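For reference, the structure discussed in these notes is given below.
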Amino acid sequence: MDRKVSELLNEQVNKEFYSAYLYLDMANFYSAKGLDGFANWYEIQAKEEQDHAMLFYQYLHNNSQPVTLEAIGKPDKVYESLMDPLTAALAHEQYVTSLINAIYAAAQAANDFRTIQFLDWFVKEQGEEEKNSSDMITKMELFGSDPKGLYMLNSELSGRTYSAPSLVL
């Protein structure tokens, strides 16, 4: 495997674990506000990000590449309004998309077709993640200022369940 591709994949392990921390921090914020549905949504997001980290981890191992686990940064966002975590989540997903795109570009430059195929799932996943984040913002804009609407939205989000990704390595 190309050294640059391996390095970027290795860095992505850490970035995905950071994403999990970030989403747990958002869950903490909503839990403190009494919005258990929103907290549930972001707790599940955190689990998904942990799974993503492990997919990169396993892919590196499956390709005889060393994995270096770095320290996971502390989330540094301060949320004041109920909308703040939602907009931060969208910005973060857009950032993660840029990271995936950079790895994809490096794999293309190295003619690393196996890694390109592996990343195809993540490209699709990031499209879904950005849409989910955008949809959350839209729903909050529409219903969040009305207590009954916020209650219904919170109830909807409490119904989200966890399912592990089905990517074959």
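In this text, all values refer to a predicted model and were calculated from it rather than measured experimentally.
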With heavy-atom distances below 4.5 Å as the criterion, would you say the side chains of [X] and [Y] are in contact?
X: Phe29; Y: Asp25; value: no
X: Phe38; Y: Leu150; value: yes
X: Asp112; Y: Ile116; value: no

(message) By the ring-ring contact (aromatic ring centres under 6.0 Å, His included) test, which pairs, at least two apart or in different chains, include something from residues 127-159?
(response) none
Is the backbone of [Y] close enough, under 3.5 Å, to the side chain of [X] for a donor and an acceptor to pair up by distance?
X: Tyr30; Y: Leu82; answer: yes
X: Asn40; Y: Leu157; answer: yes
X: Asn63; Y: Gln65; answer: no

Check side chain to side chain contact (heavy atoms under 4.5 Å, CB included) between [X] and all other residues, then give those that pass, not counting sequence neighbours.
X: Gln50; answer: Phe17, Ala20, Lys47
X: Val123; answer: Ile100, Tyr104
X: Asp135; answer: Lys131

(request) Please report the closest heavy-atom contact between Asn14 and Ala71, naming both atoms and the distance. (result) ND2-O, 2.9 Å
Counting only heavy atoms from other residues, nucleotides and ligands, does the tally under 6.0 Å from [atom1] of [X] exceed 12?
X: Tyr79; atom1: OH; value: yes
X: Glu128; atom1: CD; value: yes
X: Arg114; atom1: CZ; value: no

(message) Using 30° and 60° as the class boundaries, would you call the ring planes of His52 and Trp121 parallel, tilted or perpendicular?
(response) perpendicular
Going by atom type alone, with no hydrogens or angles, which donor-acceptor pairs under 3.5 Å involve a side-chain atom of residues 86-97 and a protein atom two or more places apart or on another chain?
| from | atom 1 | to | atom 2 | distance (Å) |
| --- | --- | --- | --- | --- |
| Thr87 | OG1 | Asp84 | O | 3.1 |
| His92 | NE2 | Ser19 | OG | 2.6 |
| Glu93 | OE1 | Gln126 | NE2 | 3.0 |
| Glu93 | OE2 | Tyr23 | OH | 2.4 |
| Tyr95 | OH | Lys15 | NZ | 3.0 |
| Thr97 | OG1 | Glu93 | O | 3.0 |
| Thr97 | OG1 | Gln126 | NE2 | 3.2 |
| Thr97 | OG1 | Glu130 | OE2 | 2.5 |

(message) Suppose clustering is done on Ile, Leu, Val, Met, Phe, Trp and Tyr with side-chain heavy atoms closer than 4.5 Å. Which residues sit in the same group as Val78?
(response) none
